[in-house]
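Below is one structure, written out as structure tokens; comments come after it.
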Number of protein chains: 2
Amino acid sequence: MESQDLKKAGLKATLPRLKILNFLEDSEVRHMTAEEVYKALLESGEEIGLATVYRVLTQFETAGLVTRHHFEGGQSVFELNEGTHHDHILCVKCGRVDEFMDETIEERQHAIADKLGYAMTDHSLYIYGICPECQKKAK
Amino acid sequence: MESQDLKKAGLKATLPRLKILNFLEDSEVRHMTAEEVYKALLESGEEIGLATVYRVLTQFETAGLVTRHHFEGGQSVFELNEGTHHDHILCVKCGRVDEFMDETIEERQHAIADKLGYAMTDHSLYIYGICPECQKKAK
DNA sequence: AATCATAATGAGAAGGCTTCGCATTTCTAT
DNA sequence: ATAGAAATGCGAAGCCTTCTCATTATGATT
């Protein structure tokens with residue numbers, strides 16, 4: 001019963017929010033735009049408005065349930081927070097997204113913020129490249 | 001004579017392009033939105049259209065004269081390419097931008113791309129935090 | 001279970017940033 | 001100087017996202 005999760009997050013357990021949360025949890029794709037969520041829900045027969053999807057995803061972000069990414073291309077991409085922190089590497093050809101985590105980089109970032117006197121609140125690291133599959137195709 | 005720089009970059013030396021390039025070179029602010037460039041030029045008495053500023057900055061980016069950043073907040077921010085590669089740390093309170101370069105992080109990024117089989121083309125690293133001045137104010 | 005105050009939704013309008021389309025102007029090579 | 005090609009400026013249009021507001025759903029209370 002996910003309605004508990006929503007209430008813990010300080011959100012009323014409304015139908016649209018439950019639908020979106022369930023969808024994010026069940027989807028095998030981990031990174032999606034608001035529009036992709038919206039269309040997928042419509043296609044699965046749910047009634048929902050695009051504005052609601054945006055609102056709910058923003059609330060989820062504030063509540064810490066979801067992370068919003070600013071990959072190149074303009075649209076925001078959302079990801080359900082599961083497991084631990086990680087960064088992303090993206091294929092510039094096919095859009096594939098892989099995740100990684102490097103303790104050394106994390107440490108260096110904190111060291112840099114400290115050295116410059118910043119109280120670090122967040123960071124974003126995206127590596128762009130051509131994924132193995134797209135390299136094969138190109139040959 | 002910057003018109004040479006433009007021609008080297010494969011761009012016709014037109015007045016708007018020269019104005020924008022000169023402005024970027026003379027400005028003490030290194031990171032600016034298209035609109036900021038546009039308004040600054042208007043205020044200094046130049047005639048120019050906003051669409052032209054966008055077009056020219058995009059051309060400069062393609063030509064390698066300028067880098068476009070996607071800081072949080074929606075607008076693209078442009079920076080004249082001078083000196084060497086560096087990453088950015090931004091203050092979430094006042095918008096201040098500082099630059100840094102960490103050889104270890106650079107190496108780790110390449111190592112990660114290699115390990116995952118990606119041919120790395122680019123990367124972007126932004127650290128967000130509260131700058132020293134804003135920390136003082138908060139107390 | 002019915003009621004009520006409040007908060008959330010849906011649909012479309014509106015907003016911000018960026019690009020497009022096209023008539024006019026500016027470049028550059030002749 | 002001149003012609004052909006490319007660039008400009010303006011407004012319109014396009015995206016993505018947020019806002020507005022009438023309607024509807026939620027959850028606490030009776």
Side-chain angles (χ1 to χ4, degrees), chain A residues 1-23 31-63 65-78 95, chain B residues 1-23 31-42 45-63 65-78 95:
Chain A
M1 198 59 170
E2 278 92 354
S3 64
Q4 301 311 316
D5 300 337
L6 288 176
K7 287 181 183 164
K8 272 185 219 160
L11 296 171
K12 263 201 318 205
T14 65
L15 230 44
R17 299 213 259 240
L18 282 168
K19 288 177 195 166
I20 293 173
L21 185 55
N22 281 324
F23 174 72
H31 304 87
M32 303 207 290
T33 64
E35 184 127 22
E36 286 167 349
V37 173
Y38 169 66
K39 285 187 179 164
L41 286 173
L42 281 191
E43 281 169 20
S44 69
E46 306 290 353
E47 282 198 8
I48 198 162
L50 180 56
T52 301
V53 174
Y54 272 104
R55 259 187 311 237
V56 169
L57 287 174
T58 301
Q59 293 158 350
F60 283 5
E61 184 193 13
T62 304
L65 273 59
V66 143
T67 300
R68 181 196 302 248
H69 296 290
H70 302 278
F71 298 153
E72 303 217 356
Q75 283 127 300
S76 292
V77 173
F78 297 87
Chain B
M1 196 60 171
E2 279 92 354
S3 65
Q4 301 310 315
D5 301 335
L6 288 175
K7 287 180 183 164
K8 273 185 217 160
L11 296 171
K12 264 202 320 205
T14 65
L15 229 44
R17 298 215 260 240
L18 283 168
K19 287 176 195 166
I20 292 173
L21 184 55
N22 281 324
F23 174 73
H31 305 88
M32 302 209 290
T33 65
E35 185 127 23
E36 286 167 349
V37 173
Y38 168 65
K39 284 187 179 166
L41 285 173
L42 281 192
E46 305 290 353
E47 282 196 9
I48 198 161
L50 179 56
T52 300
V53 174
Y54 272 104
R55 260 186 310 238
V56 169
L57 287 173
T58 301
Q59 294 157 350
F60 282 6
E61 183 192 14
T62 304
L65 274 60
V66 142
T67 299
R68 181 195 303 248
H69 296 290
H70 302 279
F71 298 153
E72 303 219 356
Q75 282 127 300
S76 293
V77 173
F78 297 87

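Letters A, B, ... mirror the listed sequences (proteins, then strands); counts begin at 1. Quantities reported herein were computed from a predicted structural model and do not represent experimental measurements.
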Protein-nucleotide distance (K19(B), atom NZ; dC27(C), atom P), rounded to Å = 9 Å
Can you tell me how far P of dT17(D) sits from NE2 of H70(A), to the nearest Å?
-> 9 Å
Measure the distance from OH on Y54(B) to P on dG9(D) and round it to the nearest whole Å.
-> 15 Å
Between K12(B) and L11(A), just flag the one whose closest nucleotide in DNA chain C comes earlier from the 5' side.
-> L11(A)
In whole angstroms, how far is the C1' atom of dG9(D) from the CD1 atom of I20(B)?
-> 12 Å
Taking the side chain of R55(B) as heavy atoms from C-beta outward, which of dG21(C), dT26(D), dA7(D) is closest to it?
-> dG21(C)
So, is S76(A) near the phosphate of dT17(D), with a side-chain N or O under 4.0 Å from OP1 or OP2?
-> yes
Of all the choices, dC10(D), dC17(C), dT18(D), which nucleotide is nearest to the side chain of E35(B) once you look at every atom?
-> dC17(C)
Tell me: CD of E36(A) to C1' of dT17(D), nearest whole Å?
-> 15 Å
From OH of Y38(B) across to P of dC10(D) the rounded distance in Å is 7 Å
Taking the side chain of A13(A) as heavy atoms from C-beta outward, which of dT8(D), dG27(D), dT18(C) is closest to it?
-> dG27(D)
DNA chain C nearest-nucleotide lookup for G74(B) and E47(A): closer to the 5′ end is E47(A)
Rounding to a whole Å, what distance do you find between K7(B):NZ and dA6(D):C1'?
-> 14 Å
Which listed nucleotide (dG21(C), dT18(D), dG10(C)) is nearest to the side chain of I48(A)?
-> dG10(C)
Rounded interatomic separation in angstrom, taking CG from L15(B) and P from dT25(C) = 15 Å
Looking at the side chain of T52(B), which of dG9(D), dA6(D), dA7(C) is the nearest nucleotide?
-> dG9(D)
